[in-house]
Structure formats: structure tokens, C-alpha cells
Protein chains: 2
Amino acid sequence: MVVGMPRRSYAQYDAVARGLDVIGERWTLLIVRELAFGPRRYTDLHADLPGISTDVLAARLKELEADGVVERRTFAPAAPVRVYDLTDRGRELVPVVAALAAWGSPLLAAHQETDAVRHHWYLLPLAALVRELGGVVELRVEGSSCRVDLESMAVVPEAEPDAVVTIAAKIADELLAGRTTLATAIDDGHVIVQDS
Amino acid sequence: MVVGMPRRSYAQYDAVARGLDVIGERWTLLIVRELAFGPRRYTDLHADLPGISTDVLAARLKELEADGVVERRTFAPAAPVRVYDLTDRGRELVPVVAALAAWGSPLLAAHQETDAVRHHWYLLPLAALVRELGGVVELRVEGSSCRVDLESMAVVPEAEPDAVVTIAAKIADELLAGRTTLATAIDDGHVIVQDS
DNA sequence: CCGCATCCGCTTCGATACTG
DNA sequence: CAGTATCGAAGCGGATGCGG
């Protein structure tokens, strides 16, 4: 019988190091990214994290659960669907993910043929980009959408949005890679900002 | 002859994944943390990153240099001192580190005997904590200090601070672990906020 | 099918020793 | 001081197995 190992740690009395003890391992923050948009089942996560191996995904989910970032839930006994969801503490990580997304956006200029693509991956960096709009916005890119409080960069699914921002994936590319500006894209009608 | 390998990547067309391709490996973000406060020599870095092995530190510095986050400089030919420093692009990472520091602060409540401690590690999470003060503040904890623009959470060594905030390390512990509040600590005179 | 656990070859890490 | 060389241990990626 294997009794959980002592967990690897940087062993530094520092908030950054402690944070990395929880979300610093390979794949962990990308799992948080996936769950930022709502609960997902194991298979969905595996599908939207191309390259992760099954055992690593299972291990990370267990660690995140032990650290109070993720919780495992089972829906209706009639149709027992198992999903993973962020806890409140886990949702507080979204601004960290968003800050990294904002920093990483310029790196999207280098588009590799072998890169995987999912539409919902655009949402967080776009939130950082339209931050000047203020308030709560609902962002829509192709089929995917999410609601973000632009001040705190928190994802707030239940809040009523002040505006709905619709962006085509192609334009999202241009914006994130810095090949066009938000003002230009709005002027050209490629980004539609509609007050609710 | 070894010609640099193709670099491991998540191969996802996503800003978070791209960011992690650069700062997601073990130790990398902690190196950025160290350099957030100004240039450091190799030996200083090795001393303030207890647990990192020499070859990993050397490898990470090379990678960060290749990614334009860090630059290696040599001071005065008379006294050839080699230091590592953040580039402008690297400095833009400080808000990411600060966001993670803010999230990680509550984890400091669990203080292990074996944890390493450095005073300058308190500065960034404290900046997040006193953010309501606004403007540019100079934070002082024991011998260490740094200047932070509280709106952007950027470190701005050259800017004149609007206020100087002095905190004893012991009080910093209490604040970060959430065992006392900023208002209380200011009332009790343990945190001194002095306008410049 | 869904939700993992097991196995296996490869890469990365950590500790120490060594060098210009 | 500023790294490189070496080597055992741990982590990872891919394929496969398997109960519910």
C-alpha cells in the first residue's frame, strides 16, 4: 500500500514559492485555465489538454483537490456524471492565469502548424485586452463565451454583464498578436461592443 | 558539438500555454522573483534560491536570456562583475509574480521549520496587501526595500515614491498569513506609512 | 464509453565533484 | 567566482489495460 508521499516543495517561506508549490508543476495551471470557464468532466479535460497523459491528469486533479483548489462533484444520481470544478479558492487563481495570459499574448505572433487550438483559450487574454471597457463583460469568440469582471479579472458566470463583446476568432488572433489595436478593430466593426 | 535542442513546449495556440513555455519550468519564476528587485550575480542567485542545483540555474538563465526575459551584463572592465538583470519584457512579468504572491500569501500561515527565509521575499506580497494605498510606495522590511507602482504592480526603482511604508518582519508575517489586518497594524503603529 | 491505474522508455532534476 | 561534467533518482509521455 502506498501512503501519499510528502509532496515536493520549494521549502521557502515566500508567497510566490508557496503558490508555486500548488500550481507550479507541469500542466497544473493549464488545468485551472480549463476549469476557469466552468465544471468539466475528466474526458473533456483530457481532450482539451492535448499532450497530457492520463496518469498525470489524474494525479494533478488529486493534488488540486487536496489543496482546496478543485472539487470533484457528481451530478444527479439518475445520470451520474462526474465533473471537476474550481472551489472559491480556486477561482481566486483566475487573475493569476489572466495576468500570465496578458503577458503571453505577444508570443502568439509565432503560430506553429503543430499547435493545438481551442476557441475558449482566446477568452482570458481578450479580457485583459478589453480591460479598459470596465465593468462586467460577456466575451464571445465563435461558439465560446465567458463573463469577466474586468476590474478584478475574476470570472463571474452568474453576474449580469454590462456589455457583450463579440469577436471573430480571426480578429482575436490579430488583436492578441498585436497586429491590430482594439480601437481599430472596433472602428472596423470587427469587434462588436453591445451594451446590455 | 551540441546544437540546442528544440525546446519543450505545450504546443498550444494559447497565451497561457505560451507564457508557461517560457516561465513554467521548475525554478524559472523564482529566478524572475529574485531579479525583480534588481540585477544579481550568479552566486547571489544561487544563494537566494536554496535547493536549486548549479546546472539547473545555469540552464534556466540561458533559456530566459534566449527568450528575452533576462540579460547578462558585465560591469566596468576594471572590475569585471557579471550580473543578470531583467529586460523590459522581463519586468512586465513582475505583475504576474505579484498576482501569484497575493494568491500564495494565505499559504504562509503554515510555517515549516525547514523553510528558508529571506526578507526581500516579503516585499511583493506586501505590495499586494497595501495596494489600497495607491500611487508609488517604497516598501521597507528589515534591511530590504523596493519601490512599486501599486496600480500596475510594476517594480519601479527609479520613480520617486509617494509614500514610504515600513514594516517589521514579524508584523509582515502576521499580515501575510491573515492573522491581522492592515488597518489594525497601522493603528497599532506597527506599520508606518510616511508620505514623502 | 468513462474514469482512471499500470507499465515502460525517455527526459529532467538534484547532489556532488570538478575546472578555467 | 561562475559555471561544466557526471550520475542516480524522480518525473513525464505514450500506450495499454480494465472495472463500472
Side-chain angles (χ1 to χ4, degrees), chain A residues 1-2 4-12 17 20-21 24-31 34-35 39-66 70-85 114 116, chain B residues 1-2 4-12 17 20-21 23-31 34-35 39-65 70-85 114 116:
Chain A
M1 174 190 178
V2 180
M5 300 202 333
R7 269 306 266 297
R8 188 200 235 185
S9 162
Y10 284 110
Q12 297 183 3
L20 289 173
D21 283 344
E25 273 179 311
R26 193 160 165 76
W27 292 108
T28 305
L29 206 56
L30 292 182
I31 294 174
E34 288 306 309
L35 294 177
R40 293 278 187 282
R41 0 168 67 181
Y42 184 92
T43 316
D44 299 332
L45 290 172
H46 191 259
D48 278 350
L49 293 167
I52 199 173
S53 54
T54 57
D55 58 345
V56 170
L57 176 55
R60 294 291 182 274
L61 286 170
K62 264 181 203 158
E63 292 160 11
L64 285 171
E65 204 182 351
V70 157
E71 56 187 5
R72 188 193 321 236
R73 283 205 314 258
T74 307
F75 281 153
V81 177
R82 255 195 204 131
V83 296
Y84 292 88
D85 196 2
T114 49
Chain B
M1 173 187 179
V2 181
M5 303 202 331
R7 267 309 263 298
R8 186 201 241 184
S9 162
Y10 285 108
Q12 298 183 1
L20 289 172
D21 283 345
I23 53 88
E25 274 179 310
R26 195 162 162 76
W27 291 109
T28 305
L29 205 57
L30 293 182
I31 293 173
E34 288 306 309
L35 293 176
R40 293 278 188 283
R41 357 166 80 185
Y42 184 92
T43 315
D44 300 332
L45 290 172
H46 190 260
D48 280 349
L49 293 166
I52 199 173
S53 56
T54 58
D55 58 345
V56 170
L57 176 54
R60 294 292 181 272
L61 286 169
K62 263 181 203 156
E63 292 161 10
L64 285 171
E65 204 181 351
V70 156
E71 58 188 3
R72 187 192 319 236
R73 283 205 313 258
T74 306
F75 281 151
V81 179
R82 247 184 210 146
V83 295
Y84 292 87
D85 197 3
T114 49

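All values reported here derive from a predicted model rather than from experimental measurement. Below, chain A is the first sequence line, B the second, and so on; all start at residue 1.
A:R60 places a side-chain N or O within 3.5 Å of a backbone atom of A:R26 that can act as its donor or acceptor partner.
With sequence neighbours excluded, the residues that form a side chain to side chain donor-acceptor pair (under 3.5 Å) with A:S9 are A:D21. A search for salt bridge (charged side-chain N to carboxylate O under 4.0 Å, His left out) contacts involving A:E34 returns nothing, not counting sequence neighbours. Among residues two or more places apart in sequence or in another chain, the side chain to side chain donor-acceptor pair (under 3.5 Å) test is passed with B:Y84 by B:R72.
Contact annotation: B:Y84 reaches the phosphate of D:dG3 (side-chain N/O to OP1 or OP2, under 4.0 Å). The phosphate of C:dG3 has neither OP1 nor OP2 within less than 4.0 Å of any side-chain N or O from A:K62. A close approach under 4.0 Å does occur between a side-chain nitrogen or oxygen of A:R60 and OP1 or OP2 of D:dC12. Contact check, B:R26 against C:dG14: a side-chain N or O comes under 4.0 Å of OP1 or OP2. For the OP1/OP2 pair of C:dG14 and a distance below 4.0 Å, the side-chain nitrogens and oxygens of B:W27 include at least one atom meeting the criterion. For the pair B:T43 and D:dA2, the criterion of a side-chain N or O lying under 4.0 Å from OP1 or OP2 is met. Taking only side-chain nitrogens and oxygens, A:R8 comes nearer than 4.0 Å to OP1 or OP2 of C:dG14. In this structure, B:R72 reaches the D:dG3 phosphate: one of its side-chain N or O atoms is under 4.0 Å from OP1 or OP2.
In this structure, A:R82 atom CZ and D:dG20 atom P are separated by 12 Å, rounded to whole Å. Atom CG in B:L49 sits about 14 Å away from atom P in C:dC13, given to the nearest Å. Across the protein-nucleic acid pair, B:L61 atom CG and D:dC1 atom C1' stand 14 Å apart, rounded to whole Å. Counting to the nearest Å, the P atom of C:dC4 and the CD1 atom of A:I31 are 12 Å from each other. Atom CG of B:L30 and atom P of C:dC13 are 13 Å apart (whole Å).
The nearest pair of heavy atoms linking A:L20 to A:Y10 is CB-CE1, 3.7 Å.
Taken to the nearest 0.5 Å, the CD atom of B:E25 stands 7.0 Å off from the CZ atom of B:R8. Atoms CG and CD1, on B:L29 and B:I23 in that order, are 5.0 Å from each other to the nearest 0.5 Å.
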Kindly give the atom pairs (protein nitrogen or oxygen, nucleotide nitrogen or oxygen) under 3.5 Å for nucleotides 5-7 of chain D.
| residue | atom | partner | partner atom | Å |
| --- | --- | --- | --- | --- |
| D:dT6 | O4 | B:D55 | OD2 | 3.4 |

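Of the listed nucleotides (D:dA2, D:dC12, C:dC4), C:dC4 has the atom at the smallest distance from the side chain of A:A58.
Annotation: side chain of A:Q12 is in contact with side chain of B:L30 (closest heavy-atom distance under 4.5 Å).
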Going by atom type alone, with no hydrogens or angles, which donor-acceptor pairs under 3.5 Å involve a side-chain atom of residues 44-51 of chain B and a protein atom two or more places apart or on another chain?
| residue | atom | partner | partner atom | Å |
| --- | --- | --- | --- | --- |
| B:D44 | OD2 | B:R41 | N | 3.3 |
| B:H46 | NE2 | B:I52 | O | 3.4 |
| B:D48 | OD1 | B:R118 | NE | 2.7 |

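Relative to the axis of its first five pairs, the axis of the last five pairs of the helix from C:dC1-D:dG20 to C:dG20-D:dC1 sits at 30°, rounded to 10 degrees.
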